[in-house]
Participant: 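Attaching a single structure in structure tokens format; questions to follow.
Everything quoted here is computed from the prediction, not taken from an experiment. Reminder, nothing fancy here: chain letters follow the sequence lines and each chain counts from 1.
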2 protein chains.
Amino acid sequence: MVFDAIDKRLLEYLQQDSKQTNKELSLKLDLSVTAVYERIKKLEREGFIDSYVAIVNKEKIEKDFVVFCHVKLVQHAQDYVIKFEKAVTSLNEVLECYHISGDYDYLLKVIVRDMPSFREFMVKKLTTIDHIGSTHSMFVISEVKHSTAINF
Amino acid sequence: MVFDAIDKRLLEYLQQDSKQTNKELSLKLDLSVTAVYERIKKLEREGFIDSYVAIVNKEKIEKDFVVFCHVKLVQHAQDYVIKFEKAVTSLNEVLECYHISGDYDYLLKVIVRDMPSFREFMVKKLTTIDHIGSTHSMFVISEVKHSTAINF
DNA sequence: ATATTTTAAGAAAATTATTCGGTTATGGTT
DNA sequence: AACCATAACCGAATAATTTTCTTAAAATAT
């Protein structure tokens, strides 16, 4: 399987707007509609494209209170880690969770409605998970840049 | 404009998979194809849906070295802030940038190929921006959860 | 209770995606 | 350089989907 410069450009376009028609893409890439179609199918089949999603506006649905939470575990025994990761994954306020290097073990991206909701989330959900040592919250004052597109 | 429970479910479905046909959605929502069509158009028009994008697999394109960078400015005069935000936004390794509360001013999500590329990014790009006081990098060991869908 | 507006439905039209058969490039082998 | 095998491409035909249109039913206001 060869992944060439045209595939690269195609992915760039699709990361920007996945609702473009194959005809539009065929003009940009100087290919036939069929060639574009088959390249897209190949990229989907081979796993280059994970999914197609709609990006919704946080403000509009009043879920625009974003907080990054650092979490440290008391111990790092494997079953503690597994349990924590499973628990945190199931929380729908947690959109992202990363195991990271540094002073803390994890970095979580949490999205809720407002500060009271955040308190509720911390008290009733996050800190009820076993083996959490400490947490540290960083509130997002403003989103300067937010893109889902990976540049080559 | 009313945003009801059906719209909510519709957004949930579209955040999961935006390539579903209106017919599939009409079955899930127990509506006609036209009703689904018009609701989607309304959500797009009113700004509930920002865009439709393809999510590409980082590993596949060998851009899966993810780093969160804290950045502190030397001063917070408005023109320093504006310049920094503009400069950082233009860097295509920086997918996300947040102005945050706490010890540091900004949190950046950086995606590159590997550690050498990261070093290159830090030395040649990030730290050449004016007025940066200090930085602190947290390397992602593993991505436990990564979703673009906001839950209601 | 009546008028007005919104929402929904089915059918028709327009556009788009997908399949198909044949052709042209590409890479490797002799 | 000629050969084969494979992959990529194209245009046309078909299938599926989106979009428009017309009308009917709810919901809301007068």
Side-chain angles (χ1 to χ4, degrees), chain A residues 1-63 147-152, chain B residues 1-64 113 147-152:
Chain A
M1 149 86 197
V2 279
F3 175 73
D4 63 14
I6 298 176
D7 291 316
K8 205 175 269 191
R9 287 175 58 208
L10 184 48
L11 281 187
E12 281 172 355
Y13 293 138
L14 291 174
Q15 284 188 110
Q16 225 57 52
D17 175 13
S18 62
K19 276 283 162 77
Q20 292 174 88
T21 63
N22 292 343
K23 196 191 287 181
E24 290 174 303
L25 292 166
S26 75
L27 292 173
K28 292 182 183 174
L29 296 169
D30 199 30
L31 280 177
S32 72
V33 173
T34 308
V36 170
Y37 172 79
E38 279 169 354
R39 275 176 183 268
I40 292 175
K41 288 297 150 192
K42 184 189 64 184
L43 291 170
E44 290 171 1
R45 220 174 30 241
E46 308 273 343
F48 285 85
I49 296 173
D50 277 337
S51 59
Y52 296 96
V53 304
I55 302 297
V56 324
N57 187 297
K58 287 196 279 293
E59 288 79 33
K60 271 285 181 180
I61 60 167
E62 281 156 6
K63 281 265 193 170
S147 162
T148 52
I150 300 167
N151 297 282
F152 294 90
Chain B
M1 148 87 196
V2 278
F3 175 72
D4 64 15
I6 299 176
D7 292 315
K8 206 175 267 191
R9 288 176 56 209
L10 185 48
L11 280 187
E12 280 171 355
Y13 293 138
L14 291 174
Q15 284 189 110
Q16 225 58 50
D17 175 13
S18 62
K19 276 284 161 77
Q20 293 173 88
T21 63
N22 293 343
K23 196 192 286 180
E24 291 174 305
L25 292 166
S26 76
L27 292 172
K28 293 182 183 174
L29 296 169
D30 198 32
L31 278 176
S32 71
V33 173
T34 308
V36 170
Y37 173 80
E38 278 169 355
R39 276 176 183 269
I40 292 175
K41 287 298 152 193
K42 184 188 65 183
L43 291 170
E44 290 171 0
R45 220 172 31 239
E46 307 274 344
F48 284 85
I49 297 173
D50 276 336
S51 59
Y52 296 96
V53 303
I55 302 296
V56 325
N57 187 297
K58 287 195 278 293
E59 288 78 32
K60 271 286 181 180
I61 60 166
E62 281 156 3
K63 280 266 195 170
D64 57 346
R113 175 183 294 269
S147 161
T148 52
I150 300 166
N151 297 282
F152 293 90

Participant: Would you call the rings of B/Phe3 and B/Phe48 parallel, tilted or perpendicular if under 30° counts as parallel and over 60° as perpendicular?
Facilitator: parallel

Participant: I'd like to know whether B/Leu25 forms a side-chain contact (heavy atoms from CB on, under 4.5 Å) with B/Leu14, so could you lay out the CA-CA distance, the side-chain angles of the two residues, the decisive distance to 0.1 Å, and finally the verdict.
Facilitator: CA-CA 9 Å; B/Leu25 292 166; B/Leu14 291 174; 4.0 Å; yes

Participant: Can you name the salt bridge (Lys or Arg N to Asp or Glu O under 4.0 Å) partners of A/Lys60, sequence neighbours left out?
Facilitator: none

Participant: Which residues in residues 31-39 of chain A have at least one heavy atom lying under 4.0 Å from any atom of DNA chain D?
Facilitator: A/Leu31, A/Ser32, A/Thr34, A/Ala35, A/Glu38, A/Arg39

Participant: Taking the side chain as every heavy atom from C-beta outward, state whether B/Ile6 and B/Asp4 have any pair of such atoms under 4.5 Å apart.
Facilitator: yes

Participant: Only pairs at least two apart or in different chains count here, so list each salt bridge (Lys or Arg N to Asp or Glu O under 4.0 Å) that has a residue in residues 21-33 of chain B.
Facilitator: none

Participant: Compare every heavy atom of A/Val2 with every heavy atom of A/Lys42, then report the nearest pair and how far apart it is.
Facilitator: NZ-O, 3.5 Å

Participant: Hey, where on DNA chain D does chain B first and last touch, going 5' to 3'? Cut-off is any atom under 4.0 Å from a heavy atom.
Facilitator: D/dT17 to D/dC21

Participant: Any carboxylate oxygen within less than 4.0 angstrom of a Lys/Arg side-chain nitrogen, looking at B/Glu44 and B/Lys41?
Facilitator: yes

Participant: Which distance, rounded to the nearest 0.5 Å, do you find between the CG of B/Leu10 and the CD of B/Gln15?
Facilitator: 10.5 Å

Participant: Using five pairs at each end of the helix from C/dA1-D/dT30 to C/dT30-D/dA1 to define an axis, what is the angle between those two axes, to 10°?
Facilitator: 40°

Participant: Go through it in stages, so that I can follow the logic: the residues are B/Asn57 and B/Ile61, the test is side-chain contact (heavy atoms from CB on, under 4.5 Å), and I'd like the CA-CA distance, side-chain angles, deciding distance and then a yes or no.
Facilitator: CA-CA 7 Å; B/Asn57 187 297; B/Ile61 60 166; over 6 Å; no

Participant: State, to 0.1 Å, how close B/Ile49 and A/Ala54 come at their nearest heavy-atom pair, and which atoms those are.
Facilitator: CG2-CB, 4.3 Å

Participant: So which of residues 10-30 of chain B are in contact with DNA chain D, with a heavy-atom cut-off of under 4.0 Å?
Facilitator: B/Thr21, B/Asn22, B/Lys23

